[in-house]
Amino acid sequence: MTATRIPGMPAVEDGHLVSTNPATGAEVGRFPVADPAAVTAAVDRARDAAGWWAGLGQAARKERLLAWVALVTARIDEITGLIHDEGGKPVAEAVVETVGALDHVAWQAKNAKRVLGPRKVRSTVMLAEHSAWLEYQPYGVIGVIGPWNYPIFTPMGSIGCALAAGNAVVFKPSEYTPAVGQWLADTFAEVVPERPVFQVVHGLGDVGAALCRSTVDKVAFTGSTATGKKVMAACAESLTPVLVECGGKDAMIVDEDADLDAAASACTWGGLTNAGQTCVGIERVYVLESVYQPFLDRLVERAGKLKVGVGDDADIGPITMPSQVDVIRRHISDALDRGGRAVLGGPDAVQPPYVQPTILVDVPEDSAAVREETFGPTLTVAKVSTVDDAIARANAVRYGLGSAVFGKRRAMAIARRLRSGMTSVNATLTFAGMSTLPFGGVGDSGFGRIHGDDGLREFARAKAITKRRGPSLLPSTTFDRTPRHVELIKKALRLLHGRKR
Ligand code: NDP
């Protein structure tokens, strides 16, 4: 089948997924579409590879993963050029994305043994005659389904943790970014040539659905909330566990004692980087009224200077997914129809495949631009009279992925009260790059975590072992116990827990 090509719109031609540049329409690569039998075959191969990879042990896996990190580092210009060609983002942004992904994988490789390895834990008084052991064992095969907006950083959060924990991976990249996904698997195979520990299957959403219904041991999904629900429903059929990283509508609060230049600078980048196509991108800003106007002036000035285009000097590239342009247009016009004002950009800012930075004020809190994920270079900025009001409005959406606070005296307290999985204080998005911290959301933003200790544990099963080390003083788990033993057990209970009333 030959489809009409729309720049950036994936087409299936002769059984191949054809990926194109969203700005120019130039072909970036073509990859065979996997049918359900091919997905099953990949998972079968992965199962065999998983046993081998797990058997290598932590030290050998660490060595291979660090070799992969070094290889990608050496070829950073190649991968960032590919990310630019396939997704449209400026090369400098692709470099930032790639560096973040590699830093995480290196940390995961170095810390997997500490986090997951066997350790002795304390025994309880009631079972003092047994020692207790804990370890985290790999699931086996992890199916990873990824989005297009950060085609290396986002899926690698799951892939790196899964591999470091000793699993094999079958990855279904977004249909918009198959070339980046294939490049990752190909380079991994250069450092792990023995078995297909990391494979890629290509295609549209039905290939992702087939992966959910294959025999993978866990699915790690990153994408929209709507698709996340479909993934959960498919996985429920076989009780396959899932990690679901979905969309966001991140808020930023600017308090009265904030450094306004720093706040405006961080907001400009945090809201408009990657043309706003960032799950943890700032989309809403709540500013205390005493600093509202000076903050807004600084923000508009900075955002107004950004260059939009595909050239080397561009700060913001095209909208990767053509259909998203309609969503951005609808959010802007709905905000304006309902009394909002554009202090930068506006309806004319939408010139597909580009959208110029747009800053909206006086937008009703129940409008689409405030409640739904826009995924474009737009920001709503609202004046609030108290911090409590700012927090209440920030927390009033169903999403809860990231957030940001600018201020001094109350900033940490505000951060703790924000209903989101992550918050940056006096910066935006920094939590995503911190390898020691978990990444994930609440509510419609999903559940489960990648990155950090929690991320590694997400890709492993807790295995608990007790080992008898002596005879039982309080024999409870035997029919040989006597009435006297039962009295002794009751007495021990009273001593341990009976006194605090
Ligand atoms: P989608 O939900 O459209 O797609 C995500 C992935 O799921 C793609 O690989 C897609 O394949 C696949 N898919 C589609 N239908 C199914 C199905 N029925 N079963 C299984 N898999 C399926 O999201 P986008 O790719 O458009 O990504 C943007 C979204 O991702 C935004 O909402 C963004 O906020 C979110 N995101 C969340 C992050 C987080 O960490 N929380 C990070 C980055 C993005 P195909 O592309 O072929 O349709």
Side-chain angles (χ1 to χ4, degrees), residues 8-12 17 19 31 33-34 36 39 86-87 97 100-101 104 143-158 161 170-178 180-181 200-214 216 219-237 240 242-250 273-281 283 319-324 327 372-376 398-402 420-422 429 431-432 438-451 455 458:
M9 194 71 168
V12 175
L17 182 62
S19 160
F31 306 90
V33 171
V39 173
E86 194 169 47
E97 170 181 354
H104 280 296
V144 175
I145 300 173
W148 46 267
N149 59 336
Y150 286 84
I152 175 164
F153 182 84
T154 294
M156 286 283 275
S158 293
C161 287
V170 179
F171 173 38
K172 182 347 220 149
S174 165
E175 65 202 43
Y176 292 89
T177 52
V180 174
V200 174
V201 288
H202 293 289
L204 310 184
D206 59 319
V207 177
L211 191 57
C212 296
R213 292 197 168 89
S214 69
V216 291
V219 169
F221 167 81
T222 309
S224 64
T225 306
T227 309
K229 290 176 183 174
K230 289 186 198 163
V231 164
M232 278 191 77
C235 289
E237 292 167 14
T240 301
V242 284
L243 158 71
V244 193
E245 300 277 6
C246 300
K249 189 71 187 172
D250 289 7
T273 180
N274 200 24
Q277 304 165 113
T278 305
C279 55
V280 284
E283 298 209 356
I319 301 303
T320 308
M321 197 166 64
S323 60
Q324 196 65 27
V327 176
E372 297 171 24
E373 186 177 51
T374 307
F375 235 49
R398 291 183 59 82
Y399 291 111
L401 195 53
S420 64
M422 305 152 296
L429 277 61
F431 47 73
F439 181 104
V442 302
D444 272 9
S445 295
F447 53 83
R449 294 294 183 263
I450 54 171
H451 302 168
E458 190 77 41

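Residue numbers count from 1 along this sequence. From a predicted model like this one, the values you see are computed outputs, not experimental measurements. Whatever order the structure lists ligands and atoms in, that order sets their numbers, starting from 1. Worth knowing before you read on, the calculation uses all heavy atoms, side chains too, and leaves out hydrogens, waters and symmetry mates.
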Q | side-chain contact (heavy atoms from CB on, under 4.5 Å) between V207 and V39, worked out | A | CA-CA 8 Å; V207 177; V39 173; 4.0 Å; yes
Q | H451 vs F431, side-chain contact (heavy atoms from CB on, under 4.5 Å): CA-CA, chis, key distance, verdict | A | CA-CA 10 Å; H451 302 168; F431 47 73; over 6 Å; no
(Q) Is there a side-chain contact (heavy atoms from CB on, under 4.5 Å) between F447 and E245? Walk through the geometry before answering. (A) CA-CA 6 Å; F447 53 83; E245 300 277 6; over 6 Å; no
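In this structure, P10 falls outside the shell of residues with a heavy atom less than 4.0 angstrom from ligand 1. Put simply, part of P173 is less than 4.0 Å from ligand 1, judged by heavy atoms. Residue contacts with ligand 1 leave out Y150, since none of its heavy atoms falls under 4.0 Å from the ligand.
Nearest-heavy-atom check against atom 23 (O) of ligand 1 across S224, G203, A209 picks out S224. With C246, G205, G247, G157 as candidates, the residue nearest to atom 37 (C) of ligand 1 on a non-hydrogen basis is C246. Nearest residue to atom 22 (C) of ligand 1 from L243, D444, T227 is T227 (criterion: closest heavy atom). Of the candidates E245, H451, K230, K230 brings a heavy atom nearest to atom 18 (N) of ligand 1. Residue nearest to atom 6 (C) of ligand 1, selected from P147, G143, G146, G223: G146 (by heavy-atom distance).
Side chains of K249 and S445: no donor on one and acceptor on the other come within 3.5 Å.
Without hydrogens or angle criteria, D444 side chain to R398 main chain gives no donor-acceptor distance under 3.5 Å. Proximity of a side-chain donor or acceptor of K172 to a complementary backbone N or O of G143 within less than 3.5 Å is not detected. When atom types are taken as modelled, the side chain of Q324 and the backbone of I319 share no donor-acceptor pair closer than 3.5 angstrom. With hydrogens and angles disregarded, no donor-acceptor distance shorter than 3.5 Å links the side chain of T222 to the backbone of T154. Looking only at distances, no side-chain donor or acceptor of E458 sits under 3.5 Å from a matching main-chain atom of L243. Judged by distance alone, the side chain of R449 and the main-chain N or O of G441 form a donor-acceptor pair under 3.5 Å.
The shortest contact between atom 34 (O) of ligand 1 and any protein heavy atom is with E373 OE2, 2.6 Å. At the shortest separation from atom 33 (C) of ligand 1 among protein heavy atoms lies F375 CZ, 3.4 Å. F439 CE2, 3.1 Å is the protein heavy atom nearest to atom 40 (O) of ligand 1. Closest protein heavy atom to atom 36 (N) of ligand 1: C279 CB, 3.4 Å.
Here is the list of ligand 1 atoms found below 4.0 Å of a heavy atom in T154: 42 (C), 43 (C). Close approach of ligand 1 to L401 (heavy-atom distance below 4.0 Å) involves ligand atoms 41 (N). Below 4.0 Å from some heavy atom of L204 lie the following atoms of ligand 1, by number and element: 47 (O). Each of the atoms 19 (N), 20 (C), 21 (N) of ligand 1 lies under 4.0 Å from some heavy atom of G208. Within ligand 1, counting atoms from 1 as listed, the ones closer than 4.0 Å to a heavy atom of N149 are 43 (C), 44 (C). Atoms of ligand 1 lying under 4.0 Å from at least one heavy atom of K172, given by number and element, are 9 (O), 10 (C), 11 (O), 45 (P), 46 (O), 47 (O). Under a 4.0 Å criterion applied to the non-hydrogen atoms of I145, ligand 1 contributes the atoms 6 (C), 7 (O), 9 (O), 12 (C), 20 (C), 21 (N). For ligand 1, the atoms closer than 4.0 angstrom to any heavy atom of W148 are 24 (P), 25 (O), 26 (O), 27 (O).
To the nearest 0.5 angstrom, T278 atom OG1 is 9.0 Å from E283 atom CD.
Between S174 and ligand 1, a contact under 3.5 Å exists for at least one N or O pair. Residue E175 has at least one nitrogen or oxygen atom sitting less than 3.5 Å from a nitrogen or oxygen atom of ligand 1, judged on distance alone.
For an aromatic pair to be called close, the ring centres must be under 6.0 Å apart, and H104 with F153 satisfies this.
The shortest non-hydrogen separation linking G446 to C246 is N-CB, 4.4 Å.
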